[in-house]
Number of protein chains: 2
Amino acid sequence: MNDTPSPDDGAPVKVRKAERTRQRILDTSLRLFREVGYEATTMRRIATEAEVSLGNAYYYFRSKDHLIQEYYGQAHREHLVACRSLLEEETDLRARLAGVLHAKIATSEPYHRFAGQLFRTAADPTSPLSPFSPESAPVRTEATELMARIVDESETRVPKVLRPELPNLLWLYLMGIILFWIHDASEGAERTHRLIERTVDIVVRLISLARLPVLRPLVQTAVSLTQELRQLAAPALPEASS
Amino acid sequence: MNDTPSPDDGAPVKVRKAERTRQRILDTSLRLFREVGYEATTMRRIATEAEVSLGNAYYYFRSKDHLIQEYYGQAHREHLVACRSLLEEETDLRARLAGVLHAKIATSEPYHRFAGQLFRTAADPTSPLSPFSPESAPVRTEATELMARIVDESETRVPKVLRPELPNLLWLYLMGIILFWIHDASEGAERTHRLIERTVDIVVRLISLARLPVLRPLVQTAVSLTQELRQLAAPALPEASS
DNA sequence: GACTCCTTTTGAACGTGTTCAACAAGTAGA
DNA sequence: TCTACTTGTTGAACACGTTCAAAAGGAGTC
(Lines give C-alpha, C1' and ligand atoms only; values in the text may rest on other atoms or scores of the structure.)
Protein backbone atom coordinates (compact mmCIF):
# COMPACT_ATOMS: atom_id res chain seq x y z
CA MET A 1 0.00 0.00 0.00
CA ASN A 2 2.62 2.48 1.05
CA ASP A 3 4.12 2.77 -2.40
CA THR A 4 6.03 6.03 -2.39
CA PRO A 5 8.91 5.20 -4.69
CA SER A 6 11.80 7.64 -4.94
CA PRO A 7 10.51 10.66 -3.06
CA ASP A 8 12.18 13.23 -5.28
CA ASP A 9 13.74 16.25 -3.66
CA GLY A 10 13.54 14.56 -0.31
CA ALA A 11 9.97 15.79 -0.04
CA PRO A 12 8.49 14.69 3.27
CA VAL A 13 6.32 11.63 2.97
CA LYS A 14 3.93 13.17 5.48
CA VAL A 15 2.85 15.82 3.06
CA ARG A 16 2.32 13.22 0.42
CA LYS A 17 0.15 11.13 2.70
CA ALA A 18 -1.97 14.09 3.75
CA GLU A 19 -2.36 15.08 0.12
CA ARG A 20 -3.49 11.57 -0.73
CA THR A 21 -6.08 11.59 2.03
CA ARG A 22 -7.37 14.93 0.86
CA GLN A 23 -7.55 13.75 -2.72
CA ARG A 24 -9.35 10.56 -1.72
CA ILE A 25 -12.02 12.55 0.10
CA LEU A 26 -12.36 14.94 -2.83
CA ASP A 27 -12.63 12.22 -5.47
CA THR A 28 -15.19 10.35 -3.44
CA SER A 29 -17.24 13.50 -2.99
CA LEU A 30 -17.33 14.45 -6.65
CA ARG A 31 -18.16 10.88 -7.63
CA LEU A 32 -21.00 10.71 -5.13
CA PHE A 33 -22.30 14.12 -6.17
CA ARG A 34 -22.51 12.85 -9.71
CA GLU A 35 -23.96 9.46 -8.83
CA VAL A 36 -26.50 10.21 -6.13
CA GLY A 37 -26.87 14.00 -6.09
CA TYR A 38 -26.02 16.63 -3.53
CA GLU A 39 -28.40 15.88 -0.71
CA ALA A 40 -28.07 12.11 -0.79
CA THR A 41 -24.33 12.54 -0.49
CA THR A 42 -23.94 12.75 3.26
CA MET A 43 -20.69 13.62 4.94
CA ARG A 44 -20.87 10.28 6.69
CA ARG A 45 -21.09 8.48 3.39
CA ILE A 46 -18.21 10.42 1.93
CA ALA A 47 -16.14 9.58 5.00
CA THR A 48 -17.08 5.91 4.89
CA GLU A 49 -16.40 5.45 1.18
CA ALA A 50 -13.16 7.39 1.41
CA GLU A 51 -12.24 5.14 4.32
CA VAL A 52 -11.78 8.03 6.68
CA SER A 53 -13.46 9.14 9.87
CA LEU A 54 -16.20 11.73 9.79
CA GLY A 55 -14.15 14.28 11.65
CA ASN A 56 -11.25 13.78 9.30
CA ALA A 57 -13.30 14.91 6.34
CA TYR A 58 -13.91 18.14 8.22
CA TYR A 59 -10.22 18.50 8.85
CA TYR A 60 -9.66 18.92 5.12
CA PHE A 61 -12.88 20.64 4.10
CA ARG A 62 -14.42 23.12 6.45
CA SER A 63 -17.93 22.19 5.40
CA LYS A 64 -19.91 20.25 2.86
CA ASP A 65 -20.29 23.46 0.91
CA HIS A 66 -16.57 23.86 0.57
CA LEU A 67 -16.37 20.59 -1.28
CA ILE A 68 -18.36 22.22 -4.02
CA GLN A 69 -15.85 24.95 -4.65
CA GLU A 70 -13.71 22.12 -5.96
CA TYR A 71 -16.48 21.11 -8.31
CA TYR A 72 -16.49 24.58 -9.83
CA GLY A 73 -12.85 24.29 -10.69
CA GLN A 74 -13.19 20.87 -12.21
CA ALA A 75 -16.24 21.87 -14.24
CA HIS A 76 -14.41 24.87 -15.64
CA ARG A 77 -11.41 22.81 -16.66
CA GLU A 78 -13.65 20.34 -18.47
CA HIS A 79 -15.33 23.25 -20.21
CA LEU A 80 -11.99 24.61 -21.38
CA VAL A 81 -11.05 21.28 -22.89
CA ALA A 82 -14.37 21.05 -24.70
CA CYS A 83 -13.97 24.55 -26.16
CA ARG A 84 -10.37 24.37 -27.25
CA SER A 85 -10.62 23.32 -30.87
CA LEU A 86 -13.57 25.58 -31.52
CA LEU A 87 -11.73 28.60 -30.19
CA GLU A 88 -8.70 27.80 -32.28
CA GLU A 89 -10.54 27.33 -35.55
CA GLU A 90 -13.64 29.49 -35.57
CA THR A 91 -13.41 33.24 -36.04
CA ASP A 92 -17.04 34.29 -36.30
CA LEU A 93 -18.19 35.87 -33.05
CA ARG A 94 -21.65 34.41 -33.09
CA ALA A 95 -20.35 30.91 -33.72
CA ARG A 96 -17.70 31.25 -31.05
CA LEU A 97 -20.10 32.49 -28.43
CA ALA A 98 -22.75 29.90 -29.23
CA GLY A 99 -20.16 27.13 -29.27
CA VAL A 100 -18.75 28.02 -25.89
CA LEU A 101 -22.19 28.21 -24.34
CA HIS A 102 -23.34 24.92 -25.83
CA ALA A 103 -20.15 23.34 -24.57
CA LYS A 104 -20.75 24.64 -21.07
CA ILE A 105 -24.18 23.07 -20.96
CA ALA A 106 -23.00 19.85 -22.56
CA THR A 107 -20.10 19.30 -20.17
CA SER A 108 -22.29 20.15 -17.21
CA GLU A 109 -25.01 17.70 -18.17
CA PRO A 110 -23.81 14.81 -15.94
CA TYR A 111 -24.12 17.17 -13.00
CA HIS A 112 -27.56 18.47 -13.89
CA ARG A 113 -29.42 17.07 -10.91
CA PHE A 114 -26.52 17.93 -8.67
CA ALA A 115 -26.39 21.48 -9.95
CA GLY A 116 -30.06 21.97 -9.19
CA GLN A 117 -29.63 21.04 -5.57
CA LEU A 118 -26.33 22.85 -5.39
CA PHE A 119 -27.92 26.02 -6.63
CA ARG A 120 -29.87 26.21 -3.41
CA THR A 121 -26.68 26.83 -1.55
CA ALA A 122 -24.90 28.80 -4.23
CA ALA A 123 -27.66 31.36 -4.46
CA ASP A 124 -27.16 32.42 -0.87
CA PRO A 125 -25.24 35.69 -0.99
CA THR A 126 -23.54 34.93 2.31
CA SER A 127 -22.42 31.54 1.08
CA PRO A 128 -18.84 31.17 -0.08
CA LEU A 129 -20.34 29.21 -2.95
CA SER A 130 -22.11 32.11 -4.51
CA PRO A 131 -20.54 32.71 -7.91
CA PHE A 132 -20.15 36.31 -6.76
CA SER A 133 -18.35 35.50 -3.52
CA PRO A 134 -14.68 36.28 -2.93
CA GLU A 135 -14.04 32.56 -2.56
CA SER A 136 -15.30 32.01 -6.09
CA ALA A 137 -13.16 34.80 -7.47
CA PRO A 138 -10.50 32.55 -9.02
CA VAL A 139 -12.93 30.51 -11.07
CA ARG A 140 -14.93 33.62 -11.88
CA THR A 141 -11.87 35.38 -13.16
CA GLU A 142 -10.91 32.43 -15.32
CA ALA A 143 -14.38 32.20 -16.77
CA THR A 144 -14.40 35.91 -17.52
CA GLU A 145 -11.08 35.57 -19.26
CA LEU A 146 -12.60 32.88 -21.44
CA MET A 147 -15.31 35.33 -22.41
CA ALA A 148 -12.69 37.92 -23.28
CA ARG A 149 -10.98 35.38 -25.49
CA ILE A 150 -14.18 34.66 -27.37
CA VAL A 151 -14.40 38.30 -28.36
CA ASP A 152 -10.75 39.24 -28.74
CA GLU A 153 -9.82 36.50 -31.13
CA SER A 154 -12.91 36.95 -33.26
CA GLU A 155 -13.11 39.12 -36.34
CA THR A 156 -15.80 41.37 -34.89
CA ARG A 157 -14.94 44.88 -33.78
CA VAL A 158 -16.45 45.87 -30.46
CA PRO A 159 -17.61 49.47 -29.94
CA LYS A 160 -15.27 51.29 -27.62
CA VAL A 161 -17.84 51.99 -24.92
CA LEU A 162 -18.46 48.32 -24.46
CA ARG A 163 -14.97 46.95 -24.71
CA PRO A 164 -13.77 46.99 -21.12
CA GLU A 165 -17.00 45.70 -19.66
CA LEU A 166 -18.04 43.22 -22.33
CA PRO A 167 -16.38 40.13 -20.82
CA ASN A 168 -18.16 40.74 -17.54
CA LEU A 169 -21.44 41.26 -19.33
CA LEU A 170 -20.95 38.03 -21.21
CA TRP A 171 -20.15 36.23 -17.98
CA LEU A 172 -23.40 37.52 -16.52
CA TYR A 173 -25.12 36.28 -19.66
CA LEU A 174 -23.55 32.86 -19.11
CA MET A 175 -24.82 32.86 -15.53
CA GLY A 176 -28.28 33.57 -16.87
CA ILE A 177 -28.07 30.66 -19.27
CA ILE A 178 -26.92 28.37 -16.48
CA LEU A 179 -29.77 29.58 -14.33
CA PHE A 180 -32.18 28.65 -17.09
CA TRP A 181 -30.49 25.30 -17.57
CA ILE A 182 -30.82 24.47 -13.89
CA HIS A 183 -34.56 24.88 -14.21
CA ASP A 184 -34.69 23.11 -17.54
CA ALA A 185 -36.03 19.58 -17.28
CA SER A 186 -36.25 18.96 -21.03
CA GLU A 187 -34.60 15.99 -22.69
CA GLY A 188 -30.89 16.65 -23.07
CA ALA A 189 -31.38 20.25 -22.01
CA GLU A 190 -32.76 20.79 -25.47
CA ARG A 191 -34.62 23.91 -24.42
CA THR A 192 -31.50 25.51 -23.03
CA HIS A 193 -29.69 24.83 -26.29
CA ARG A 194 -32.54 26.46 -28.19
CA LEU A 195 -32.44 29.38 -25.79
CA ILE A 196 -28.75 29.81 -26.52
CA GLU A 197 -29.36 29.83 -30.26
CA ARG A 198 -31.96 32.54 -29.90
CA THR A 199 -30.27 34.74 -27.35
CA VAL A 200 -26.85 34.63 -28.97
CA ASP A 201 -28.37 36.42 -31.93
CA ILE A 202 -29.70 39.14 -29.69
CA VAL A 203 -26.43 39.53 -27.86
CA VAL A 204 -24.38 39.80 -31.03
CA ARG A 205 -26.85 42.23 -32.48
CA LEU A 206 -26.76 44.32 -29.33
CA ILE A 207 -23.00 44.51 -29.51
CA SER A 208 -23.17 46.16 -32.89
CA LEU A 209 -26.21 48.24 -32.04
CA ALA A 210 -24.25 49.71 -29.15
CA ARG A 211 -22.74 52.04 -31.71
CA LEU A 212 -26.10 53.66 -32.43
CA PRO A 213 -26.23 57.23 -31.13
CA VAL A 214 -29.80 56.77 -29.86
CA LEU A 215 -28.64 53.97 -27.63
CA ARG A 216 -25.43 55.56 -26.43
CA PRO A 217 -26.76 56.82 -23.07
CA LEU A 218 -28.47 53.49 -22.48
CA VAL A 219 -25.28 51.59 -23.07
CA GLN A 220 -23.39 53.96 -20.83
CA THR A 221 -25.80 53.31 -18.00
CA ALA A 222 -25.73 49.57 -18.54
CA VAL A 223 -21.97 49.54 -18.39
CA SER A 224 -21.83 51.56 -15.21
CA LEU A 225 -24.44 49.26 -13.73
CA THR A 226 -22.22 46.24 -14.06
CA GLN A 227 -19.54 48.14 -12.22
CA GLU A 228 -22.03 48.76 -9.44
CA LEU A 229 -22.84 45.07 -9.42
CA ARG A 230 -19.21 44.18 -9.11
CA GLN A 231 -18.75 46.51 -6.16
CA LEU A 232 -21.74 44.97 -4.46
CA ALA A 233 -20.32 41.48 -4.59
CA ALA A 234 -16.82 42.28 -3.46
CA PRO A 235 -16.26 45.27 -1.18
CA ALA A 236 -12.55 44.93 -1.78
CA LEU A 237 -11.68 42.91 -4.83
CA PRO A 238 -8.00 42.34 -5.44
CA GLU A 239 -7.86 41.39 -9.08
CA ALA A 240 -4.95 41.12 -11.43
CA SER A 241 -5.94 43.17 -14.44
CA SER A 242 -4.49 41.99 -17.71
CA MET B 1 -59.02 31.76 28.50
CA ASN B 2 -61.76 30.00 26.62
CA ASP B 3 -63.54 33.14 25.58
CA THR B 4 -65.63 32.22 22.59
CA PRO B 5 -68.64 34.47 23.08
CA SER B 6 -71.67 33.99 20.89
CA PRO B 7 -70.49 31.48 18.29
CA ASP B 8 -72.45 33.02 15.44
CA ASP B 9 -74.00 30.76 12.87
CA GLY B 10 -73.50 27.85 15.22
CA ALA B 11 -70.02 27.49 13.76
CA PRO B 12 -68.22 24.61 15.47
CA VAL B 13 -65.92 25.82 18.21
CA LYS B 14 -63.49 23.10 17.21
CA VAL B 15 -62.68 24.84 13.96
CA ARG B 16 -62.20 28.11 15.75
CA LYS B 17 -59.75 26.56 18.17
CA ALA B 18 -57.72 24.95 15.42
CA GLU B 19 -57.64 28.22 13.55
CA ARG B 20 -56.39 29.99 16.64
CA THR B 21 -53.62 27.47 17.14
CA ARG B 22 -52.58 27.83 13.53
CA GLN B 23 -52.58 31.59 13.78
CA ARG B 24 -50.55 31.52 16.97
CA ILE B 25 -47.86 29.40 15.33
CA LEU B 26 -47.84 31.66 12.29
CA ASP B 27 -47.60 34.90 14.25
CA THR B 28 -44.82 33.51 16.38
CA SER B 29 -42.90 32.41 13.30
CA LEU B 30 -43.09 35.73 11.49
CA ARG B 31 -42.13 37.58 14.66
CA LEU B 32 -39.14 35.35 15.23
CA PHE B 33 -38.09 35.58 11.58
CA ARG B 34 -38.03 39.34 11.96
CA GLU B 35 -36.36 39.36 15.34
CA VAL B 36 -33.70 36.71 15.10
CA GLY B 37 -33.49 35.76 11.41
CA TYR B 38 -34.32 32.60 9.53
CA GLU B 39 -31.73 30.20 10.79
CA ALA B 40 -31.89 31.15 14.44
CA THR B 41 -35.63 30.58 14.31
CA THR B 42 -35.81 26.86 15.01
CA MET B 43 -38.98 24.86 14.80
CA ARG B 44 -38.49 23.99 18.45
CA ARG B 45 -38.37 27.62 19.39
CA ILE B 46 -41.46 28.44 17.36
CA ALA B 47 -43.26 25.57 19.06
CA THR B 48 -42.13 26.61 22.52
CA GLU B 49 -43.00 30.26 22.13
CA ALA B 50 -46.33 29.44 20.54
CA GLU B 51 -46.96 27.12 23.49
CA VAL B 52 -47.43 24.11 21.30
CA SER B 53 -45.61 20.83 20.86
CA LEU B 54 -43.04 20.42 18.13
CA GLY B 55 -45.12 17.89 16.26
CA ASN B 56 -48.12 20.15 16.38
CA ALA B 57 -46.33 22.86 14.43
CA TYR B 58 -45.78 20.28 11.73
CA TYR B 59 -49.43 19.37 11.79
CA TYR B 60 -50.27 22.85 10.53
CA PHE B 61 -47.24 23.59 8.40
CA ARG B 62 -45.67 20.80 6.42
CA SER B 63 -42.17 22.22 6.82
CA LYS B 64 -40.26 25.24 7.94
CA ASP B 65 -40.19 26.35 4.33
CA HIS B 66 -43.94 26.42 4.13
CA LEU B 67 -44.06 28.97 6.88
CA ILE B 68 -42.30 31.30 4.53
CA GLN B 69 -44.97 31.14 1.90
CA GLU B 70 -47.05 32.95 4.47
CA TYR B 71 -44.39 35.61 4.75
CA TYR B 72 -44.65 36.27 1.03
CA GLY B 73 -48.34 36.94 1.35
CA GLN B 74 -47.94 39.25 4.30
CA ALA B 75 -45.08 41.16 2.68
CA HIS B 76 -47.15 41.70 -0.43
CA ARG B 77 -50.12 42.99 1.55
CA GLU B 78 -47.89 45.45 3.36
CA HIS B 79 -46.49 46.56 0.02
CA LEU B 80 -49.97 47.19 -1.34
CA VAL B 81 -50.84 49.37 1.63
CA ALA B 82 -47.64 51.36 1.22
CA CYS B 83 -48.35 51.96 -2.48
CA ARG B 84 -51.99 52.85 -2.31
CA SER B 85 -51.96 56.61 -2.12
CA LEU B 86 -49.17 56.88 -4.68
CA LEU B 87 -51.08 54.78 -7.19
CA GLU B 88 -54.22 56.83 -6.67
CA GLU B 89 -52.60 60.21 -7.08
CA GLU B 90 -49.62 59.91 -9.40
CA THR B 91 -50.09 59.49 -13.14
CA ASP B 92 -46.53 59.69 -14.47
CA LEU B 93 -45.23 56.24 -15.34
CA ARG B 94 -41.72 56.83 -14.15
CA ALA B 95 -42.87 58.17 -10.82
CA ARG B 96 -45.35 55.34 -10.36
CA LEU B 97 -42.82 52.66 -11.13
CA ALA B 98 -40.11 54.18 -8.97
CA GLY B 99 -42.54 54.72 -6.13
CA VAL B 100 -43.74 51.16 -6.13
CA LEU B 101 -40.20 49.80 -6.18
CA HIS B 102 -39.00 52.10 -3.42
CA ALA B 103 -42.00 51.05 -1.37
CA LYS B 104 -41.21 47.39 -1.88
CA ILE B 105 -37.70 47.85 -0.55
CA ALA B 106 -38.83 50.08 2.29
CA THR B 107 -41.51 47.72 3.55
CA SER B 108 -39.16 44.78 3.26
CA GLU B 109 -36.40 46.45 5.24
CA PRO B 110 -37.28 44.91 8.63
CA TYR B 111 -36.88 41.52 6.98
CA HIS B 112 -33.58 42.27 5.28
CA ARG B 113 -31.44 39.82 7.20
CA PHE B 114 -34.21 37.28 7.09
CA ALA B 115 -34.61 37.68 3.33
CA GLY B 116 -30.93 37.05 2.81
CA GLN B 117 -31.04 33.74 4.58
CA LEU B 118 -34.39 32.92 3.08
CA PHE B 119 -33.08 33.46 -0.40
CA ARG B 120 -30.88 30.44 0.03
CA THR B 121 -33.95 28.28 0.07
CA ALA B 122 -36.03 30.31 -2.32
CA ALA B 123 -33.45 30.12 -5.07
CA ASP B 124 -33.73 26.36 -5.26
CA PRO B 125 -35.84 25.61 -8.32
CA THR B 126 -37.24 22.48 -6.70
CA SER B 127 -38.26 24.39 -3.61
CA PRO B 128 -41.89 25.40 -3.28
CA LEU B 129 -40.52 28.72 -2.12
CA SER B 130 -39.02 29.67 -5.41
CA PRO B 131 -40.88 32.73 -6.66
CA PHE B 132 -41.36 30.74 -9.87
CA SER B 133 -42.87 27.69 -8.22
CA PRO B 134 -46.52 26.70 -8.60
CA GLU B 135 -46.93 27.19 -4.86
CA SER B 136 -45.92 30.81 -5.21
CA ALA B 137 -48.30 31.36 -8.10
CA PRO B 138 -50.96 33.22 -6.10
CA VAL B 139 -48.58 35.84 -4.75
CA ARG B 140 -46.79 36.01 -8.09
CA THR B 141 -50.06 36.67 -9.88
CA GLU B 142 -51.01 39.38 -7.45
CA ALA B 143 -47.64 41.05 -7.79
CA THR B 144 -47.88 40.92 -11.58
CA GLU B 145 -51.31 42.51 -11.41
CA LEU B 146 -49.81 45.32 -9.40
CA MET B 147 -47.28 45.84 -12.19
CA ALA B 148 -50.10 45.93 -14.72
CA ARG B 149 -51.84 48.56 -12.64
CA ILE B 150 -48.77 50.76 -12.59
CA VAL B 151 -48.81 50.90 -16.37
CA ASP B 152 -52.52 50.81 -17.12
CA GLU B 153 -53.48 53.74 -14.93
CA SER B 154 -50.58 55.90 -16.07
CA GLU B 155 -50.71 58.40 -18.90
CA THR B 156 -48.06 56.62 -20.92
CA ARG B 157 -49.02 54.67 -24.02
CA VAL B 158 -47.31 51.32 -24.33
CA PRO B 159 -46.30 50.04 -27.79
CA LYS B 160 -48.58 47.24 -28.89
CA VAL B 161 -45.85 44.59 -29.12
CA LEU B 162 -45.01 45.04 -25.50
CA ARG B 163 -48.40 45.39 -23.98
CA PRO B 164 -49.36 41.82 -23.13
CA GLU B 165 -45.97 40.91 -21.76
CA LEU B 166 -44.99 44.12 -20.01
CA PRO B 167 -46.39 43.27 -16.57
CA ASN B 168 -44.41 40.06 -16.53
CA LEU B 169 -41.29 41.86 -17.66
CA LEU B 170 -41.73 44.41 -14.92
CA TRP B 171 -42.20 41.65 -12.37
CA LEU B 172 -38.92 40.12 -13.50
CA TYR B 173 -37.38 43.55 -13.16
CA LEU B 174 -38.72 43.72 -9.61
CA MET B 175 -37.19 40.32 -8.87
CA GLY B 176 -33.87 41.65 -10.11
CA ILE B 177 -34.11 44.67 -7.81
CA ILE B 178 -34.92 42.42 -4.87
CA LEU B 179 -31.99 40.22 -5.75
CA PHE B 180 -29.75 43.27 -5.66
CA TRP B 181 -31.28 44.41 -2.39
CA ILE B 182 -30.64 41.05 -0.77
CA HIS B 183 -26.96 41.48 -1.50
CA ASP B 184 -26.98 45.12 -0.55
CA ALA B 185 -25.45 45.79 2.87
CA SER B 186 -25.45 49.58 2.59
CA GLU B 187 -27.07 51.78 5.21
CA GLY B 188 -30.84 51.79 4.73
CA ALA B 189 -30.46 49.94 1.44
CA GLU B 190 -29.37 53.23 0.03
CA ARG B 191 -27.61 51.61 -2.91
CA THR B 192 -30.69 49.72 -3.91
CA HIS B 193 -32.70 52.92 -3.86
CA ARG B 194 -30.09 54.56 -6.07
CA LEU B 195 -30.17 51.55 -8.37
CA ILE B 196 -33.91 51.93 -8.69
CA GLU B 197 -33.58 55.60 -9.61
CA ARG B 198 -31.12 54.77 -12.35
CA THR B 199 -32.74 51.68 -13.78
CA VAL B 200 -36.25 53.08 -13.79
CA ASP B 201 -35.06 55.63 -16.31
CA ILE B 202 -33.72 52.90 -18.55
CA VAL B 203 -36.85 50.85 -18.29
CA VAL B 204 -39.16 53.74 -19.12
CA ARG B 205 -36.90 54.74 -21.98
CA LEU B 206 -36.89 51.18 -23.30
CA ILE B 207 -40.66 51.09 -23.25
CA SER B 208 -40.84 54.01 -25.65
CA LEU B 209 -37.85 52.87 -27.69
CA ALA B 210 -39.65 49.60 -28.32
CA ARG B 211 -41.49 51.49 -31.06
CA LEU B 212 -38.29 52.02 -33.01
CA PRO B 213 -38.24 49.94 -36.20
CA VAL B 214 -34.59 49.01 -35.70
CA LEU B 215 -35.41 47.42 -32.41
CA ARG B 216 -38.61 45.72 -33.43
CA PRO B 217 -37.12 42.26 -34.02
CA LEU B 218 -35.18 42.54 -30.78
CA VAL B 219 -38.30 43.36 -28.83
CA GLN B 220 -40.15 40.53 -30.50
CA THR B 221 -37.52 38.08 -29.38
CA ALA B 222 -37.40 39.45 -25.88
CA VAL B 223 -41.14 39.09 -25.57
CA SER B 224 -41.17 35.54 -26.78
CA LEU B 225 -38.33 34.77 -24.39
CA THR B 226 -40.40 35.67 -21.38
CA GLN B 227 -43.05 33.30 -22.63
CA GLU B 228 -40.42 30.61 -22.77
CA LEU B 229 -39.40 31.48 -19.24
CA ARG B 230 -42.94 31.18 -18.03
CA GLN B 231 -43.31 27.75 -19.59
CA LEU B 232 -40.13 26.64 -17.91
CA ALA B 233 -41.37 27.49 -14.45
CA ALA B 234 -44.80 25.96 -14.70
CA PRO B 235 -45.31 22.98 -17.04
CA ALA B 236 -49.04 23.38 -16.59
CA LEU B 237 -50.06 26.71 -15.21
CA PRO B 238 -53.74 27.14 -14.53
CA GLU B 239 -54.20 30.88 -14.37
CA ALA B 240 -57.31 32.97 -14.38
CA SER B 241 -56.77 35.52 -17.10
CA SER B 242 -58.54 38.82 -16.50
C1' DG C 1 -72.93 6.84 29.81
C1' DA C 2 -70.78 4.05 25.86
C1' DC C 3 -69.55 3.70 21.22
C1' DT C 4 -67.49 5.38 17.07
C1' DC C 5 -65.18 8.49 14.10
C1' DC C 6 -62.38 12.32 12.89
C1' DT C 7 -59.42 16.08 14.34
C1' DT C 8 -55.82 17.71 17.12
C1' DT C 9 -51.78 17.09 20.05
C1' DT C 10 -47.86 14.91 21.96
C1' DG C 11 -42.92 13.55 22.55
C1' DA C 12 -39.63 10.15 21.43
C1' DA C 13 -36.85 8.86 17.62
C1' DC C 14 -34.17 9.23 13.17
C1' DG C 15 -30.57 11.00 10.24
C1' DT C 16 -28.43 15.15 9.19
C1' DG C 17 -24.25 18.81 9.22
C1' DT C 18 -21.00 20.31 12.35
C1' DT C 19 -17.88 20.77 16.55
C1' DC C 20 -14.47 19.40 19.79
C1' DA C 21 -11.60 17.39 23.22
C1' DA C 22 -8.73 13.82 23.00
C1' DC C 23 -5.56 10.72 20.95
C1' DA C 24 -2.11 8.87 17.38
C1' DA C 25 1.48 9.56 14.24
C1' DG C 26 4.91 11.30 12.36
C1' DT C 27 9.22 15.10 12.60
C1' DA C 28 13.01 17.35 14.43
C1' DG C 29 16.29 18.63 17.92
C1' DA C 30 18.90 17.10 22.26
C1' DT D 1 16.44 7.28 22.98
C1' DC D 2 14.01 10.82 24.97
C1' DT D 3 11.40 15.05 24.38
C1' DA D 4 8.67 18.55 22.50
C1' DC D 5 5.88 20.00 18.57
C1' DT D 6 3.15 19.99 14.64
C1' DT D 7 0.13 17.43 11.77
C1' DG D 8 -3.37 14.13 11.13
C1' DT D 9 -7.24 11.38 12.93
C1' DT D 10 -10.94 9.75 15.74
C1' DG D 11 -15.70 9.16 17.48
C1' DA D 12 -18.81 10.92 20.78
C1' DA D 13 -21.81 14.77 21.28
C1' DC D 14 -24.85 18.75 19.92
C1' DA D 15 -28.78 21.06 17.77
C1' DC D 16 -31.29 20.90 13.91
C1' DG D 17 -35.54 19.62 10.60
C1' DT D 18 -38.58 16.06 10.14
C1' DT D 19 -41.48 11.72 10.98
C1' DC D 20 -44.62 8.75 13.31
C1' DA D 21 -47.13 5.81 16.33
C1' DA D 22 -49.80 6.72 19.95
C1' DA D 23 -52.72 9.33 22.89
C1' DA D 24 -56.16 12.96 23.88
C1' DG D 25 -60.08 15.75 22.61
C1' DG D 26 -64.45 16.64 20.71
C1' DA D 27 -68.98 15.64 18.26
C1' DG D 28 -72.56 12.89 16.95
C1' DT D 29 -75.41 8.44 17.66
C1' DC D 30 -77.27 4.79 20.30
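Per chain, numbering begins at 1; letters A, B, ... match sequence-line order. The basis for the numbers below is simple: all heavy atoms, side chains too, and nothing from hydrogens, waters or symmetry mates.
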Just the rounded figure in Å: distance from [atom2] of [N] to [atom1] of [X].
X: B:Arg22; N: C:dT9; atom1: CZ; atom2: C1'; answer: 17 Å
X: A:Arg20; N: D:dT7; atom1: CZ; atom2: P; answer: 19 Å
X: B:His66; N: D:dG17; atom1: NE2; atom2: P; answer: 16 Å
X: A:Ile46; N: C:dG17; atom1: CD1; atom2: P; answer: 8 Å
X: B:Leu67; N: D:dT18; atom1: CG; atom2: C1'; answer: 13 Å
X: B:Lys64; N: D:dT18; atom1: NZ; atom2: P; answer: 8 Å
X: A:Met43; N: D:dA13; atom1: CE; atom2: P; answer: 20 Å

Query raised in the report: Does the side chain of B:Lys17 get closer than 4.0 angstrom to OP1 or OP2 of C:dT9 through an N or O atom?
Result: yes

Query - side-chain hydrogen bond (donor to acceptor under 3.5 Å, both in side chains) between B:Thr28 and B:Glu49, intermediate numbers included - result: CA-CA 7 Å; B:Thr28 308; B:Glu49 300 210 8; over 6 Å; no

**Report entry** Ion pair A:Glu190/A:Arg194, N-O distance below 4.0 Å
**Finding:** yes

Query raised in the report: If you draw the axis of the six-membered ring of A:Tyr38, does the NZ or CZ of A:Lys64 fall within 45° of it and under 6.0 Å from the ring centre?
Result: yes

Requested in this report: Spell out yes or no: do the side chain of B:Arg44 and the base of D:dG17 have one donor N/O and one acceptor N/O closer than 3.5 Å?
Outcome: yes

Query raised in the report: Would the A:Phe33 and A:Tyr71 ring centres measure less than 6.0 Å apart?
Result: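 For A:Phe33 and A:Tyr71, the ring centres are not under 6.0 Å apart.
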
Requested in this report: Please list, by residue number, the residues of residues 51-61 of chain A whose heavy atoms come closer than 4.0 Å to an atom of DNA chain C; answer none if no residue qualifies.
Outcome: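 Heavy-atom cutoff 4.0 Å gives A:Leu54, A:Tyr58.
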
Report task. Answer yes if the side chains of B:Arg198 and A:Ser224 hold a donor-acceptor pair under 3.5 Å, and no otherwise. Result -> yes

**Report entry** Exercise: do A:Asp184 and A:Thr192 side chains pair donor with acceptor under 3.5 Å
**Finding:** yes

Query raised in the report: Among the nucleotides C:dT18, D:dT9, D:dG8, which one has an atom lying closest to any side-chain atom of A:Thr21?
Result: D:dT9

